[in-house]
Amino acid sequence: MGKIIKLFVGLIALMIVGIIGITALSNADGVLGDVAGSAKNAAMNAALDASGVKNRVQDALDARAGDIAVATGLPLETVQQGIDDLSVRDWQVTDLPAGAQATGTIDGAAAGVDGTLTTYADPSYVTVNAYGQTVTLAVPESAQSYLGYLAYL
């Protein structure tokens with residue numbers, strides 16, 4: 001199970017790399033209102049989609065389903081269902097709600113990634129900090145139950 005989680009964290013970091021440039025440019029002045037924040041998120045999501053990163057992440061998971069099944073001892077069908085439930089193509093850049101309470105931070109160094117992943121009491125958000133940039137992602141409902149496995153890192 002730990003290998004799946006490490007792969008998942010690494011793939012999330014890969015998604016972040018595709019949007020780091022946009023984040024750096026949009027935060028240059030440091031003052032973003034609600035409208036500007038929404039526009040920034042829309043631009044980051046468009047860039048993320050156009051970059052094909054989500055498709056590459058999905059393809060990598062699909063290609064390694066057999067390896068994950070062997071490493072975890074789970075049936076291939078179970079692994080494939082888990083990959084489908086992650087709904088990689090549905091993850092979106094969003095703003096973290098003001099009252100969000102962090103419940104844990106996973107150091108990416110455990111998975112060979114330079115960064116951290118923060119989870120919250122509300123499982124519909126995660127924040128990734130990588131390469132000096134911080135991006136919050138909205139987690140699809142089907143993937144939220146898998147966030148608890150991050151503790152096994």
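Note that CG of Asp90 and CG of Leu137 are 12.5 Å apart. Values are rounded to the nearest 0.5 Å. Distance CG/Asn129 to OG1/Thr118: 7.5 Å, rounded to 0.5 Å. With rounding to the nearest 0.5 angstrom, the CG atom of Leu117 is 6.5 Å from the CD1 atom of Ile106. If you take CZ on Arg89 and CG on Asp49, they are separated by 10.5 Å, rounding to the nearest 0.5 Å. Atoms CG and CG, from Asp67 and Leu61 in turn, are 11.5 Å apart once rounded to the nearest 0.5 Å. Going from atom CG of Asp84 over to atom CD of Gln58 covers 7.0 Å, rounded to the nearest 0.5 Å.
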I would like to know whether Tyr125 and Val139 meet side-chain contact (heavy atoms from CB on, under 4.5 Å); could you show each step before the answer?
CA-CA 5 Å; Tyr125 300 97; Val139 179; 5.7 Å; no
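The shortest heavy-atom contact between Trp91 and Val126 is CZ3-CG2, 3.7 Å. For the pair Ala100 and Tyr120, the tightest heavy-atom approach, listed with the atom from each and the gap, is CB-CD2, 3.9 Å. For the pair Gln80 and Ala65, the tightest heavy-atom approach, listed with the atom from each and the gap, is CG-CB, 4.2 Å. Closest non-hydrogen pair, Ser124 versus Gln144, comes out as CB-NE2, 3.3 Å. Nearest heavy-atom pair across Pro140 and Ser87 is CG-O, 3.8 Å.
Here Gln92 pairs with Asn45 under the side-chain hydrogen bond (donor to acceptor under 3.5 Å, both in side chains) rule; sequence neighbours left out.
With 3.5 Å as the limit, one finds a donor-acceptor pair spanning the side chains of Thr127 and Thr136. With no hydrogens or angles considered, a side-chain donor-acceptor pair links Gln81 and Asp85 at under 3.5 Å.
By the criterion of side-chain heavy atoms lying less than 4.5 angstrom apart, applied directly or through intervening Ile, Leu, Val, Met, Phe, Trp or Tyr residues, Ile83 is grouped together with Tyr146 in one hydrophobic cluster. A continuous path of hydrophobic side-chain contacts links Val57 to Ile68 [ILVMFWY only; heavy atoms under 4.5 Å].
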